[in-house]
Amino acid sequence: MLHREYSLKDREIDRKADNFFLLNFFPFIHLIKFQSVNFNSLYDVGHCLCLSAGRYIPPHLRNKDASKNDASGWNTAKEAYSNFGNNRGKSAFFNDRSNANRGRFEHGGFGGGGGNSRWVEESRDDGDWSKPMPRNERLEHELFSGSNTGINFEKYDDIPVEATGHNCPHHIESFQDVDLGEIIMGNIALSRYTRPTPVQKYAIPIVKAKRDLMACAQTGSGKTAAFLLPILSQLYTEGPGEALNAAKENGKYGRRKQYPMSLVLAPTRELALQIYDEARKFSYRSRVRPCVVYGGADIGQQIRDLERGCHLLVATPGRLVDMMERGKIGLDYCNYLVLDEADRMLDMGFEPQIRRIVEQDTMPHKGIRHTMMFSATFPKEIQILARDFLEDYIFLAVGRVGSTSENITQKVVWVEESDKRSFLLDLLSATGKDSLTLVFVETKKGADALEDFLYREGYACTSIHGDRSQRDREEALSQFRSGKCPILVATAVAARGLDISNVKHVINFDLPSDIEEYVHRIGRTGRVGNLGLATSFFNDKNGNITKDLLDILVEAKQEVPSWLESLAYEHQHKSSNRGRSKRFAGGFGARDYRQTAAGGSAGGFGGRGGRNQAGHGGNRGFGGGEGNYSHSQVDWWGN
DNA sequence: AAAAAAG
């Protein structure tokens, strides 16, 4: 504990020194300061400059959009400054939106004042929802100048996709193949998306056709856009409908309850934020106002933001329930429901809250509302549970780019508990300074301890876990993303869904006890067709995962240490053939349990990984692996 | 047994 305090204080000094440097070398920052930008904004600007002034450019910012960021950095800074000035001057229509949430988190906020948005709200709601609002260059720059989240799937035309269910709508090949409307097409262009990713090709027409959907696709394969694009498109063409009247009626009594037309639920706060950021992009120039609510942040500010209008809500379950109980949110007209990381949302920890939101309140029933679930994994028992929320759904399984085996090199090394730290130091010293390294530990305490250790060893690192303040969590993530702290020590909170570009190395300092967790963790690297490395420290504490890990390595055609093999053999015999390993029998891919439940037709996914067909034993027959389609994927890729 | 999610 002492160490921790020491290191935090230390870091504060470091930070102040940085700031001193900035103020001296970039005097115009003083100007910004006089405009009373908060400390964090100042710091962000300075940081930005620091990076682009030729000292250190984090890898993921390199080679990005060379035309704009011509390495000088001054343009960016000047632009930011002048934009800042402009922004103060005019109470532009869009100001209230940009300010709404970013400002709240006090990150990089040049967002303007907003303020009297009453008139704005009226005009936003009352016009033709399918027609774009005027452009706003500053906002456009803010939303779309970041790294290109579009994924280059050009090379992967043969991704295996399986869609099962009644009357499945035909997939599209380009965004033009379906009528998404003027606003969406504009925002797709601004996002520099050229072609739909495989999951988008299938999901977009399914959602447009108002079919319920259970989609199994790796996070980062464009799945957020796969539901946001068609949902927003529908909202634009359908207009506000009853929801608007309800909100207005309610507003008369000063209650200002909001009736979002669409709800997206996510299992972690950071993931909710990430989805919200995407939603802001695709709702640019529209009358749809996205909002995000989650715990750990000031609820008053979130309520005020909601009261400015909320048509699409992204939320974590706990805070949403809170909002509902406070009468700030009504789901009466919420006809689009998305569960992201759905298998997590329906597991034991979350299921009651989901039922509370979806079944025990005023949300339209299934069959009326339109429900979509997305996840990388869909174990059979979760699929069965999910039936409660879905009506005649399409099951979609989309192979991922490459797959684990092609993109991620998985290493397992035997490291005794007492040797872990020094081994980690060896790994880190062998890692390029510019690469991002994500170190997973099993406990929050362990995360603190390891971060302190690395910090004392002189590494620029930070940590994220559920006991840190939300502010610290978001700061840690942003410092990791930006490359300021290229090492992030994390618990399970960072295992799922987070899209951090350029993570070169995932280190399992502690292996998880759950193989799915393992698959999700290593899926933070090797994304978007990049190469990734995953190193796992293994010792006798990890006996429970031995067999599953071995299966994964074999399936992914990875090098298997001989000791692991014999250990798995022993373990299998010791545990008399009952254990978790059967969850993966039959391969890692998710498949529609409806296809095999009845007669074990093994149809659908064509007998992939055909070792033991699932179904025997009481275990979860269809343990998913994040899109890992097992050894027979070779056939699927056609090579 | 731990982590996540409300405070």
Side-chain angles (χ1 to χ4, degrees), chain A residues 219 263-276 292-303 306 313-329 338-358 360-361 375-377 382 417 438-451 463-474 476-477 488-498 506 508-521 523-524 537 539-545 548 579-580:
Chain A
T219 45
L263 173 64
V264 181
L265 292 172
T268 67
R269 299 163 180 175
E270 285 75 14
L271 187 53
L273 201 46
Q274 186 177 291
I275 296 165
Y276 167 74
V292 62
V293 299
Y294 55 75
D298 181 8
I299 196 167
Q301 273 177 312
Q302 286 180 357
I303 289 171
L306 287 175
L313 180 62
V314 185
T316 49
R319 181 55 65 91
L320 175 59
V321 169
D322 195 351
M323 288 290 190
M324 287 161 66
E325 279 164 5
R326 288 170 190 242
K328 295 300 172 189
I329 290 288
V338 179
L339 301 188
D340 201 3
E341 302 292 339
D343 60 335
R344 171 54 53 91
M345 301 307 287
L346 295 176
D347 79 8
M348 294 198 326
F350 277 115
E351 192 203 338
Q353 292 182 81
I354 302 302
R355 290 199 185 272
R356 162 76 183 81
I357 293 164
V358 178
Q360 292 157 34
D361 219 275
S375 179
T377 54
I382 300 286
E417 214 62 33
L438 186 48
V439 184
F440 279 107
V441 294
E442 200 50 11
T443 65
K444 294 181 271 204
K445 256 172 69 181
D448 279 340
L450 189 61
E451 186 210 358
S463 72
I464 185 167
H465 63 69
D467 274 357
R468 299 197 65 185
S469 74
Q470 190 53 28
R471 221 197 110 101
D472 286 349
R473 283 168 59 162
E474 283 168 31
L477 199 56
L488 179 66
V489 181
T491 60
V493 71
R496 274 175 174 263
L498 292 189
V506 169
N508 282 311
F509 188 86
D510 302 317
L511 268 166
S513 52
D514 180 347
I515 193 65
E516 282 166 348
E517 169 83 6
Y518 171 84
V519 177
H520 278 279
R521 284 183 184 182
R524 295 314 103 206
F537 297 176
N539 59 40
D540 18 294
K541 285 171 78 178
N542 306 115
N544 50 358
I545 204 179
D548 290 338
R580 304 166 57 78

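Below, all heavy atoms of this structure are taken into account, side chains as well, without hydrogens, waters or symmetry copies. Within every chain, numbering begins at 1; the chains are lettered A, B, ... in the order of the sequence lines, protein sequences first and strands thereafter.
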Participant: Return the set of residues passing side-chain contact (heavy atoms from CB on, under 4.5 Å) with A:Asp347 (not counting sequence neighbours), or none when no residue passes.
Facilitator: A:Arg344, A:Phe350

Participant: Between P on B:dA3 and CG on A:Asp343, what's the gap in Å once rounded to a whole number?
Facilitator: 20 Å

Participant: Whole angstroms only, please: what is the CD-P distance between A:Glu442 and B:dA3?
Facilitator: 8 Å

Participant: Provide, to the nearest angstrom, the distance between the CG atom belonging to A:Asp340 and the P atom belonging to B:dA4.
Facilitator: 18 Å

Participant: Would you say the side-chain atoms of A:Ser463 and A:Arg468 include a donor-acceptor pair closer than 3.5 Å?
Facilitator: yes

Participant: When you measure from the side-chain N and O atoms of A:Arg473 to the phosphate of B:dA5, is any distance below 4.0 Å, counting only OP1 and OP2?
Facilitator: yes

Participant: Looking at the side chain of A:Gln353, which of B:dA1, B:dA5, B:dA3 is the nearest nucleotide?
Facilitator: B:dA5

Participant: Suppose we call a contact any N or O donor and acceptor under 3.5 Å apart; does that hold for the side chain of A:Thr316 and the base of B:dA4?
Facilitator: no

Participant: Taking OP1 and OP2 of B:dA2, is either one under 4.0 Å from a side-chain nitrogen or oxygen of A:Thr491?
Facilitator: no

Participant: Verify the contact: side-chain N or O of A:Arg269 to OP1 or OP2 of B:dA5, cut-off strictly under 4.0 Å; return yes or no.
Facilitator: yes

Participant: Between A:Lys444 and B:dA4, is there a contact of a side-chain N or O with OP1 or OP2 at under 4.0 Å?
Facilitator: yes

Participant: Figure out the CD/P separation between A:Glu517 and B:dA2, and round it to whole Å.
Facilitator: 15 Å

Participant: Just how far, in rounded Å, is P of B:dA3 from CZ of A:Arg521?
Facilitator: 11 Å

Participant: Once you round it to whole Å, what is the distance between P of B:dA5 and CG of A:Leu271?
Facilitator: 11 Å

Participant: Rounded off to whole Å, could you give me the NZ-to-P distance for the A:Lys445 and B:dA2 pair?
Facilitator: 10 Å

Participant: Select one nucleotide: of B:dA4, B:dA2, B:dA6, the one nearest the side-chain heavy atoms of A:Tyr294.
Facilitator: B:dA6

Participant: Quick one: A:Ile464 CD1 to B:dA3 C1', roughly how many Å, whole number?
Facilitator: 13 Å

Participant: Salt bridge (charged side-chain N to carboxylate O under 4.0 Å, His left out) with A:Glu417: which residues, sequence neighbours excluded?
Facilitator: A:Lys420, A:Lys541

Participant: Tell me what A:Gly349 touches on the nucleic acid: a base, only sugar-phosphate, or nothing, going by heavy atoms under 4.0 Å.
Facilitator: base

Participant: Please determine, for the side chain of A:Glu325, which listed nucleotide (B:dA4, B:dA6, B:dA3) has the closest atom?
Facilitator: B:dA6

Participant: Report yes or no: does A:Arg524 contribute a side-chain atom to a donor-acceptor pair with the main-chain N or O of A:Leu498 at less than 3.5 Å?
Facilitator: yes

Participant: Using a strict 4.0 Å threshold on nitrogen-to-oxygen distance, state whether A:Asp448 and A:Lys444 make a salt bridge.
Facilitator: no

